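What follows is a single structure, written as structure tokens, with notes after it.
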Protein chains: 2
Amino acid sequence: MNIGDAAKATNLSPKTIRYYESINLVIADRLSNGYRDYADAHIHKLRFVQRARGLGFSIEDCRALLSLYEDRNRASAEVKNIAQKHLEEIEAKINELQDLQETLSHLVAHCAGDHRPDCPIMDGLSGTVHETAKGTSKLH
Amino acid sequence: MNIGDAAKATNLSPKTIRYYESINLVIADRLSNGYRDYADAHIHKLRFVQRARGLGFSIEDCRALLSLYEDRNRASAEVKNIAQKHLEEIEAKINELQDLQETLSHLVAHCAGDHRPDCPIMDGLSGTVHETAKGTSKLH
DNA sequence: CATAGGGATTCCAGTGACTGGAAGGTCAAG
DNA sequence: CTTGACCTTCCAGTCACTGGAATCCCTATG
């Protein structure tokens, strides 16, 4: 199975599959013409990574999860540990974004949004206005 | 005022301030020795950008907002438009993350997390298990 | 006056996870 | 034999910085 078919089978792009190989995540065999060759085991690994990425795991998490996936003697505790950490990061980010949402939606709600220059959003950004007791939020 | 003091006054790093200048966002004057020189107007702009970034606006949004900030004849509608779009992106991302959180927290909750290899998280990632009717989520 | 330090300057490279595009090799069909 | 669809590699760009190297400038002290 060549890379195009592997792409269809995994819902990844050929580019992404080549990228995964370049970082030694999933390495295909090669045919005599230099083309990559994908067997079922490769497809399973790629689909595994595709799902893990879809759940927001980083590539390094995927690498760790993949090696646990291949390990018949793994402890589920190791898997759970990775997933738990990731879940906490997601929850932290949700909280961050909800804070931003709250601040922004208030500003937006109070802006007339007409031809006049007066604008509570601008006032908020320029510090004209008393800040809410949040501390400056940082994304990422 | 040189860049170190400007950094303290704006809660940005000198690196970041130089970066902002390199992308023509906030351009300082120069002293005869080549040092950047920051006047009050520069500091106000930098603080404005710092707050906007803190609310998650992209640099390009900041650029647009800054030019509206400087425009005495702006229409608040333009500001609101930018903020509204950004707010919608934030809300979309919150929804995405909440979907992930739900899926992940279920998987994590059902994993024993002990020395045994059996693991519902792994089952979920390997596609062993029936998927919930969500469609594959994509992060960005 | 030499020197030591703490600034400042520029430029290059790296981050994460791809994606786009160029230049070229391979294969099956007509 | 040509066409077109595929494959290969490599380089560059994304976003918003951040780290680090090499060099320069300013002030204070011995």
Side-chain angles (χ1 to χ4, degrees), chain A residues 1-38 42 46 48-66 86 89-90 93 96 100 136-140, chain B residues 1-38 42 46 48-66 86 89-90 93 96 100 136-140:
Chain A
M1 197 188 233
N2 62 22
I3 202 171
D5 294 328
K8 276 162 205 152
T10 58
N11 208 24
L12 293 165
S13 71
K15 280 266 182 196
T16 300
I17 296 177
R18 279 188 209 105
Y19 170 69
Y20 287 167
E21 184 169 303
S22 80
I23 59 171
N24 296 312
L25 193 59
V26 179
I27 297 154
D29 297 333
R30 293 289 178 137
L31 299 173
S32 54
N33 61 10
Y35 284 22
R36 288 174 180 81
D37 186 31
Y38 294 87
H42 297 116
L46 286 171
F48 181 94
V49 173
Q50 195 268 340
R51 287 202 191 84
R53 293 285 304 125
L55 285 174
F57 285 102
S58 71
I59 290 285
E60 287 318 305
D61 279 349
C62 291
R63 197 188 297 282
L65 289 169
L66 210 43
H86 179 46
E89 284 168 17
I90 286 172
K93 188 156 249 163
E96 245 178 45
L100 297 189
T136 306
S137 48
K138 268 186 199 171
L139 281 188
H140 179 53
Chain B
M1 196 188 238
N2 62 22
I3 200 168
D5 294 328
K8 275 162 206 153
T10 58
N11 209 27
L12 293 165
S13 70
K15 279 267 183 196
T16 299
I17 296 177
R18 280 188 208 104
Y19 170 69
Y20 287 167
E21 184 169 305
S22 80
I23 59 170
N24 296 312
L25 193 60
V26 179
I27 298 156
D29 296 333
R30 295 287 179 139
L31 299 173
S32 55
N33 61 9
Y35 284 21
R36 289 173 181 79
D37 187 31
Y38 294 87
H42 297 116
L46 287 170
F48 181 93
V49 172
Q50 196 268 341
R51 288 202 188 85
R53 293 285 303 127
L55 284 176
F57 285 101
S58 70
I59 291 284
E60 286 319 303
D61 279 349
C62 290
R63 196 188 299 281
L65 289 168
L66 254 188
H86 179 48
E89 283 167 18
I90 286 173
K93 187 156 248 162
E96 247 178 44
L100 297 188
T136 306
S137 48
K138 268 185 199 173
L139 282 185
H140 170 58

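Note on naming: letters A, B, ... go to the chains in the order of the sequence lines (proteins, then strands), and numbering restarts at 1 for each one. Hydrogens, waters and symmetry mates are skipped; everything else that's a heavy atom, side chains included, is used. Fair warning: this is a prediction, and the values are worked out from it, not measured in the lab.
Considering only side-chain N and O atoms, Tyr19(B) lies nowhere under 4.0 angstrom from the phosphate OP1 or OP2 of dC15(D). Between Arg36(A) and dT9(D) there is a side-chain N or O to OP1 or OP2 distance below 4.0 Å. Distances shown here put every side-chain N or O of Arg63(B) at or beyond 4.0 Å from the OP1 or OP2 atom of dC15(D). Dashed line: the shortest gap from a side-chain N or O of Thr16(A) to OP1 or OP2 of dT19(C) is under 4.0 Å. In this model, the phosphate group of dC25(D) is not approached by any side-chain N or O of Arg30(B) to a distance below 4.0 Å at OP1 or OP2. Contact between the side-chain N/O atoms of Ser58(B) and the OP1/OP2 oxygens of dC15(D) is not found at any separation under 4.0 Å.
A donor-acceptor pair under 3.5 Å is absent between the side-chain atoms of His42(A) and the main chain of Ala6(A), judged by distance alone. Under a 3.5 Å cut-off, the side chain of His86(A) and the backbone N or O of Asp61(A) do not form any donor-acceptor pair. Side chain of Asp37(A) to main chain of Met1(A): a donor-acceptor pair is present (N/O by atom type, distance under 3.5 Å, no hydrogens or angles).
Electrostatic pairing of Arg18(A) and Glu21(A) does not count as a salt bridge here, judged by no charged N lying under 4.0 Å from a carboxylate O.
In this structure, CZ of Arg18(B) is placed 9 Å from C1' of dT10(C), rounded to the nearest angstrom. The distance from atom CG of Leu31(B) to atom C1' of dC26(D) is 12 Å, rounded to the nearest whole Å. When the C1' atom of dG7(C) is taken as reference, atom NZ of Lys8(B) falls 10 Å away, rounded to whole Å. In this entry the distance linking CG of Asn2(A) with P of dC7(D) reads 5 Å, nearest Å. With rounding to whole Å, Ile23(A) atom CD1 is found 9 Å from dG16(C) atom C1'. At whole-Å resolution of the value, CD1 in Ile17(A) and C1' in dC7(D) are 13 Å apart. Distance OH (Tyr35(B)) to C1' (dC25(D)): 4 Å, rounded to an integer number of Å. For Asp61(A) and dG16(C), the CG to C1' distance is 13 Å, given to the nearest whole Å.
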TODO: With salt bridge (Lys or Arg N to Asp or Glu O under 4.0 Å) as the test, would you mind laying out the steps for Glu60(A) and Arg63(A) before giving the verdict?
DONE: CA-CA 5 Å; Glu60(A) 287 318 305; Arg63(A) 197 188 297 282; 2.9 Å; yes

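For Lys15(B), whose side chain is taken as the heavy atoms from C-beta onward, the closest listed nucleotide among dC18(C), dT18(D), dC17(D) is dT18(D).
Taking the nucleotide of DNA chain D with the nearest heavy atom to each of Asn33(B) and Asp37(A), the more 5' of the two is matched to Asp37(A). Comparing Ser32(A) and Glu21(B) along DNA chain C, the residue whose closest nucleotide (by nearest heavy atom) sits nearer the 5' end is Glu21(B).
Within the nucleic acid shown, Ile3(A) comes within 4.0 Å of sugar-phosphate atoms alone, with no base atom in reach, counting heavy atoms only.
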